[in-house]
Amino acid sequence: MEENQLEKNSNTNGNQKGSSDYDVVIIGGGPAGSSAAIYASRSGLKTLVVDKGLTSGALGITSKIVNYPGITDEISGAELVEKMRTQAKSFGAEYISDKVIGVDLQSDVKSVFGNGGVYTSRSVIISTGSMGRGSRIKGEDRLLGHGVSYCATCDAAFYRDKYVAVAGNNDEAIEEALFLTKFAKQVYFLSQTEHLIASEELINELQKNQKVVLYSGSKIKEIIGQNRVEAVEAVRKDQSEVLLNVSGVFVYLQGGRPVTDFTQGQLEVSQGGCLIVDASYQTNIPGVYAVGDVLCTHVKQVIVSAAEGAIAAMAVEKELNGRSRMMVDWSEKKQ
Amino acid sequence: MNSVIHVNDGQFEEMVLKAELPVLVDFWAPWCGPCRMVAPLLDKIASEYSGKLIVAKVNTDENSQWAVNYRVQGIPTMLFISKGEVVKTQVGALSESGLKNLVDEFLASNN
Ligand SMILES: Cc1cc2nc3c(=O)[nH]c(=O)nc-3n(C[C@H](O)[C@H](O)[C@H](O)COP(=O)(O)OP(=O)(O)OC[C@H]3O[C@@H](n4cnc5c(N)ncnc54)[C@H](O)[C@@H]3O)c2cc1C
């Protein structure tokens, strides 16, 4: 995480009453979050989007998008997300690259905790998508904190001159691996897919780094160690198995579950574990909304996510400005 | 009203291991986001459980000896120590209610 960001935010005390940094903090900057950011910032709300990576979301990893209205040129999902982000920034929304790990939604001033800082706001929109992991690697839970980690910025210093493994294939995993190279002796990067899903520059940086050994198409089968991580056993694309002696394993794998772990039970969920929202996408906590794929009842399409983001942002504006009805953004009015 | 005490390597034995009261020790570092998340919770717990529990913090940047002894490799790591023995370990930040549950269980197991 950028140092200056960290300094800037490290003094913010989450639970202070009264003042907050933003009108709305949006967690996740995919099509749902970025559409919310467009509407929120255009309506004059001080808007921050906290997102952990362009290729960490469903649209970011989609190679081609052909059914988003108005986009007729061949375009990748990542390019479409970038366009949405650029549009939101043009209306004043800020973006910060950080992974959200916790929230305090109960107080009037909401706090969003990231690995790099604490962000406070009057309202929160959750749009983290549904690429959360379900299953764990054998040995992962048992060795958490004893070699298994999900945060290089937090724990890299414990691996000075040691061998570590990173499991993942997106920009989040690559950035964390590059951060680890500042401390570790060697970083084994195990990508479950043959190709990495990130920008060319980032992939090049990883490939060029002398400390990184890339194992593409390799999946960690087991994390081994009695009391602390001693090795990982991985299966390579040709089905051969490899044992790598490491002291640490940093895991950035994804799956198909709604990403809600950071809410730590603060929001009401259905029996099936889905966040419950009303017609304006507000959760059971006033001022806290959820939109996009993170809602498991939702139709997983970009246009649907974008629409939900817009509705939630208008609802936030209505609430914060004490209006009785949502204000529709007709361009004539603005010009 | 008690507050969190900051303990260095030299003081650890006296202030944590030989303490009369049960102790919650948090191994942390200033650059760790999840540590910042639990910090206000620990402050709260220190005052709410005043007289029943000591809440101590060890900055692993400046004091690594006990972190190494306890094989701490990820922060925050919270150890629940009673009469010098580690009763429970919690790795990673958690919610206020989650942390309070752990503290209550820990104190109950001490009685
Ligand atoms: C392979 C594939 C192909 C698809 N093809 C199409 C298609 O052709 N047409 C179509 O309409 N839809 C398609 N979809 C579905 C579409 O991509 C999703 O419905 C849409 O992207 C959901 O948007 P979202 O903003 O809710 O979530 P996402 O796009 O998943 O975005 C979530 C964002 O949240 C961020 N995030 C997650 N966790 C955190 C955290 N803890 N802290 C900070 N940030 C976080 C991520 O970095 C990401 O940017 C496809 C999906 C996939 C997987």
Side-chain angles (χ1 to χ4, degrees), chain A residues 1 3 5-7 9-16 50 98-107 111-119 141-160 162 164 225-229 247-250 261-266, chain B residues 3-4 24-48 57-81 86-103:
Chain A
M1 238 29 67
E3 307 258 345
Q5 250 178 44
L6 210 147
E7 292 221 337
N9 292 295
S10 59
N11 294 327
T12 319
N13 184 343
N15 285 320
Q16 265 169 9
V50 185
D98 197 355
K99 178 176 180 174
V100 172
I101 45 131
V103 281
D104 176 3
L105 304 171
Q106 313 287 347
S107 328
S111 302
V112 173
F113 300 92
N115 281 332
V118 184
Y119 317 100
D141 286 340
R142 185 172 57 83
L143 293 165
L144 177 63
H146 301 296
V148 173
S149 172
Y150 307 116
C151 176
T153 35
C154 307
D155 300 336
F158 293 106
Y159 298 91
R160 210 175 282 280
K162 298 203 167 138
V164 298
Q226 193 98 50
N227 299 316
R228 58 186 169 81
V229 171
S247 317
V249 190
F250 290 76
D261 48 347
F262 59 88
T263 61
Q264 295 173 319
Q266 290 173 55
Chain B
S3 51
V4 168
L24 192 181
V25 192
D26 175 37
F27 290 92
W28 70 288
W31 31 263
C32 150
C35 303
R36 275 201 295 277
M37 185 176 146
V38 285
L41 305 184
L42 292 173
D43 289 339
K44 219 166 162 179
I45 284 180
S47 73
E48 281 180 22
K57 284 172 82 157
V58 179
N59 180 338
T60 54
D61 257 4
E62 291 157 5
N63 297 281
S64 58
Q65 185 196 328
W66 288 93
V68 170
N69 288 359
Y70 287 115
R71 298 182 292 104
V72 170
Q73 280 179 303
I75 46 175
T77 286
M78 286 164 264
L79 302 182
F80 295 81
I81 297 182
V86 178
V87 180
K88 184 158 179 65
T89 305
Q90 161 67 30
V91 180
L94 72 178
S95 66
E96 182 173 346
S97 59
L99 187 56
K100 281 191 174 162
N101 284 345
L102 286 183
V103 170

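All values below were derived from every heavy atom in this structure, side-chain atoms included, with hydrogens, water molecules and symmetry-related copies excluded. So you know, we letter chains A, B, ... as the sequences are listed, proteins then strands, and number each from 1.
Each of B/Ile75, B/Thr77, B/Thr89, B/Val91 has some count of heavy-atom pairs under 4.5 Å with chain A, and the biggest count is that of B/Ile75. The candidate from B/Gly74, B/Ala67, B/Cys35 with the greatest count of non-hydrogen atom pairs under 4.5 Å with chain A is B/Gly74. Counting heavy-atom pairs closer than 4.5 Å to chain B, the top residue among A/Thr263, A/Leu144, A/Val103, A/Val148 is A/Leu144.
Proximity of the aromatic rings of A/Tyr159 and A/Phe250 is defined here by a centroid distance below 6.0 angstrom, and this criterion is met.
Inspection of the A/Asp155 and A/Tyr150 side chains reveals no N or O donor paired with an N or O acceptor under 3.5 Å.
A donor-acceptor distance shorter than 3.5 angstrom exists from the side chain of B/Asn59 to the backbone of B/Asp61, with no hydrogens or angles considered. Looking only at distances, no side-chain donor or acceptor of A/Arg228 sits under 3.5 Å from a matching main-chain atom of A/Leu143.
Looking at A/Ala157, the atoms closer than 4.5 Å to chain B (heavy atoms on both sides) all sit in the side chain, from C-beta outward. Within the 4.5 angstrom heavy-atom criterion, no atom of B/Ser64 approaches chain A.
More than 12 heavy atoms of other residues, nucleotides or ligands shown are found within 6.0 angstrom of CZ on B/Arg71.
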